[in-house]
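Throughout, numbering of the chain's residues begins at 1 and tracks the sequence. One-based numbering, in listed order, for ligands and for the atoms of each.
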Amino acid sequence: MDSCTLCPRRCGAQRTESTGHGFCRLPETMRIARIQPHLWEEPPISGSRGTGAVFFSGCTLRCAYCQNADISHRNLGRDFTPAQLAESLRRLVDAGMHSISFITATPYVEKILEALAIYRPPVPLVWNTSGYETVDTLHKLEGVIDVYLPDLKHFSPAMGKLCAQASDYFEATSAAITEMCRQTGAARYDENGLMQRGVIVRHLILPGLTSESIALLNWVKENLPAGTPVSLMRQYVPCNDVSIKGLDRTITTREYHRVRDHMQALELPGFQQEAASASTDFVPLFGQDESYI
Ligand code: SF4
C-alpha cells in the first residue's frame, strides 16, 4: 500500500508486508494480539455465550491513558493471513459465539474483507472502534458490518489533542458515528435481546472532565436517532504511565453520578457499569499462547 489514508490521520504513508511508516506504524499484514470468546461486552453483544473477539494490534488513535498499550502503542501480536483469520472466525462460530467483534481493526480493513470473502460468519459482525474513522473507510464496510460499537471520547479539540494527538477527534468521530447510524438504521434485536443491527455509542468518563461527558451526551441526544443506546463506562484507571495532569486517578462516585444523572435526564437508553470495573484486573492478557482460540 503506497499511500494509506484509511483513518482521519491520512498519513499517506507507505505500508508494506513487513513495515509501516505511518502514525500507527502498522504493516499491511494483519497483526492480531488476541482471538478469544469475550463475555464482558455490552449484553446485546456478548449475550450468555460471548462474542468472538478479535483484538487487532495497533491503533490509529493511541490515547495516552490506554489500558491496552501493549497492543495499541507497542503493536504486540502475531501476523495472520486472511485465510488464517477466516479459520479463526470459523472456530469462534463453532464455539457458539453470538457475534464476531473486530476490535480496532481499521488499518486492516482490506485484509478483513478478504477473510470475509473466504468465510462469512452466520452471526452479526461488530466493528468495535475508537470512533476515529473516515466516512470513506466506513463506506467499504457498508452491507458487511451489522453492528457498530464506537467510542465517543473527547469533545473539545484541546482534549483530543492532549490525550490522543487528534484535535480533530470530535469532528471526525461525530461524522463517522452519523454515517454508522445511516448504514444500520434503527437498532434491531432478536428474541433474546441480542443486537442484530445498530449502533451502540460507548463513552468512558475521565477524571475531572465531566463537562466533556455532558457535552458529548447532549450531542448524542440532539444528533443521533432516538433509541441509539449509550454505554456509559466508569472503568477508567490510569495506565501506560499516563503523565497528563488530572488523569492519574479513577473517577469519583460524585463525577459518575453527575454524568449518569445527565444521561437519565436526557432519557438516553443504554448501559451503565459497576463501580468494581475500575480495576486493572479487567485488563486482558495479550500475545501469549493462550491468547488465541
Ligand atoms: S491507518 Fe495508519 S498509516 Fe493509515 S492513515 Fe491511519 S495512522 Fe496513517
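Within the structure, ring pair (Phe, Tyr, Trp, His ring centres under 6.0 Å) pairs that include any residue of residues 203-225 comprise Phe170-Trp219 (at least two apart or interchain). Sorted by first and then second residue, the salt bridge (charged side-chain N to carboxylate O under 4.0 Å, His left out) pairs with a member in residues 182-194 read Glu142-Arg182, Glu179-Arg182; sequence neighbours excluded.
Partners of Tyr65 according to the ring pair (Phe, Tyr, Trp, His ring centres under 6.0 Å) rule, which considers only residues two or more places apart in sequence or in another chain, are Tyr236.
Sorted by chain and number, the protein atoms of type N, O or S within less than 2.8 Å of atom 4 (Fe) of ligand 1 are Cys4 SG.
Side-chain contact between Leu149 and Glu42 is present, with heavy atoms from C-beta onward closer than 4.5 Å.
Under the 4.5 Å side-chain heavy-atom criterion for Ile, Leu, Val, Met, Phe, Trp and Tyr, Val259 and Phe271 are members of distinct hydrophobic clusters.
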Dump the intermediate steps for salt bridge (Lys or Arg N to Asp or Glu O under 4.0 Å) on Lys111 and Asp79, then the final yes or no.
CA-CA 12 Å; Lys111 300 287 182 190; Asp79 290 348; over 6 Å; no
